[in-house]
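Everything below concerns the one structure shown next.
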Amino acid sequence: MRNINQLKDAKILVTGGLVFIGSNFILYLFDKFPNCKIINLDAEFVGSNKKNLKQVANKKKYQYVKGNINNKAKIEKLIQDCDVIFNFAAESHVDRSIDNPKPFFDSNIMGTYTILEAIRKFDKKLIHISTDEVFGSLKTGSATEKIAFNPSSPYAASKASAELLVNSYFVTYGIDSIITRCTNNYGPRQFPEKLIPKVILLASENNKIPIYGTGKNIRDWIYVLDHCDAILKVYQHGKKGSSYNIAGHNEIDNITIVKSILKIMGRSANLIKYVKDRPGHDLRYSLKTTKIKKEIGWKPKYTFEDGLRITINWYLNNRSWWQSISKNSMGRTK
Ligand SMILES: NC(=O)c1ccc[n+]([C@@H]2O[C@H](COP(=O)([O-])OP(=O)(O)OC[C@H]3O[C@@H](n4cnc5c(N)ncnc54)[C@H](O)[C@@H]3O)[C@@H](O)[C@H]2O)c1
């Protein structure tokens, strides 16, 4: 077990910290360990926004570096200088991966390879952030850490490939790595190309809300701070070379989510508009989390109702954050 207190004055490299989960993770870490040093490396791709970290921007212990994880020289310099790397950087939107898969392979596969080479060269710890989408659609049951990958979209295939690379570097070179694999996150600072913020923003302006197909696709939803907490606990108690599933235990279909948001916001369900389904749209993802519960003692703290209310309030109270975002960059199904 790693001593969590090591983090209190550790040098931590977070990649991809300018948008959603990475920025929440940085704020979460500073909240827990105000004296740790965090370097945030981000390529400033879709949705990146320095305002997400304005609370810590002037903190001496925070350093922002603009750069791509594929930049070998930059990655080597940063990793050499750090104690641990949390790799969040990825192209993350399934729709964009269907329109143009190449950037997903560049960032998610080759970027992970570049990090892995530096990890083995300088013998550092890597916590690699992955997704439930690597297992593909499951009609029934839930995926354990042991079942075979079956990704459907180019995004999911790129994340599965990255996991295979991380595992191969553990088996072949003995690197100190752990993979975390989480279900759908929601919460503050998520770019509004994703379902929950998109629905909140459209509803707040009484715009039509597009729903793919029948809206019966099921995802498990986890509040982003529960995910951050799980990553930290995995860092502390996780076994080298292992992977851990993380879930919120809220399996809900899209139409139910949209109706819940409309109800909380006092908007009419008539705003819902069904649109042509996404190609290869997986029906259901589900993760079994017995391993993280047993080995690490982690479980989520937020109920879906509480997390959703906090999220809606955050977007309504931070209109300037999203009103400057171009409607075109929010995704094609508006
Ligand atoms: N959002 C979810 O529901 C979810 C669920 C499970 C796992 N994940 C994983 O968590 C991680 C973060 O997801 P997110 O939703 O915060 O994504 P996001 O798209 O909101 O943020 C990704 C960040 O990575 C940066 N980035 C992308 N490619 C880069 C590169 N080559 N070099 C440097 N920076 C780069 C982007 O600029 C952005 O700031 C991803 O690895 C994703 O696969 C996300």
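Atoms within each ligand, like the ligands themselves, are counted from 1 in listed order.
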Quick one: nearest non-hydrogen protein atom to atom 22 (C) of ligand 1, plus distance?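 Ranked first by proximity to atom 22 (C) of ligand 1 is Ala90 O, 3.4 Å.
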Strictly under 4.0 Å, does any heavy atom of [X] approach an atom of ligand 1?
X: Gly67; value: yes
X: Cys182; value: yes
X: Asp106; value: no
X: Asn70; value: no
X: Ser130; value: yes
X: Tyr155; value: yes

Indicate whether the side chain of [X] and that of [Y] have a donor and an acceptor atom separated by less than 3.5 Å.
X: Ser48; Y: Asp42; answer: no
X: Lys51; Y: Ser320; answer: no
X: Ser92; Y: Lys194; answer: yes

Can you list the ligand 1 atoms lying under 4.0 Å from a non-hydrogen atom of [X]?
X: Lys159; value: 40 (C), 41 (O), 42 (C), 43 (O)
X: Asn184; value: 3 (O)
X: Ser92; value: 17 (O), 18 (P), 19 (O)
X: Asn185; value: 2 (C), 3 (O), 5 (C)
X: Phe88; value: 11 (C), 12 (C), 40 (C), 41 (O)
X: Thr183; value: 5 (C), 6 (C)
X: Ile129; value: 10 (O), 41 (O)

So, [X] and [Y], do they make that salt bridge, N to O below 4.0 Å?
X: Asp176; Y: Lys240; result: no
X: Lys72; Y: Glu117; result: no
X: Glu295; Y: Lys239; result: yes
X: Glu251; Y: Arg284; result: yes

Do any N/O atoms on [X] end up under 3.5 angstrom from N/O atoms on ligand 1?
X: His227; value: no
X: Ile21; value: yes
X: Ser48; value: no
X: Glu91; value: no
X: Ile69; value: yes

Please work out whether the ring planes of Phe88 and Phe25 are parallel, tilted or perpendicular, with thresholds of 30° and 60°. tilted
Hey, what's the ring geometry for Tyr212 with His281, parallel, tilted or perpendicular (30° and 60° as the breaks)? perpendicular
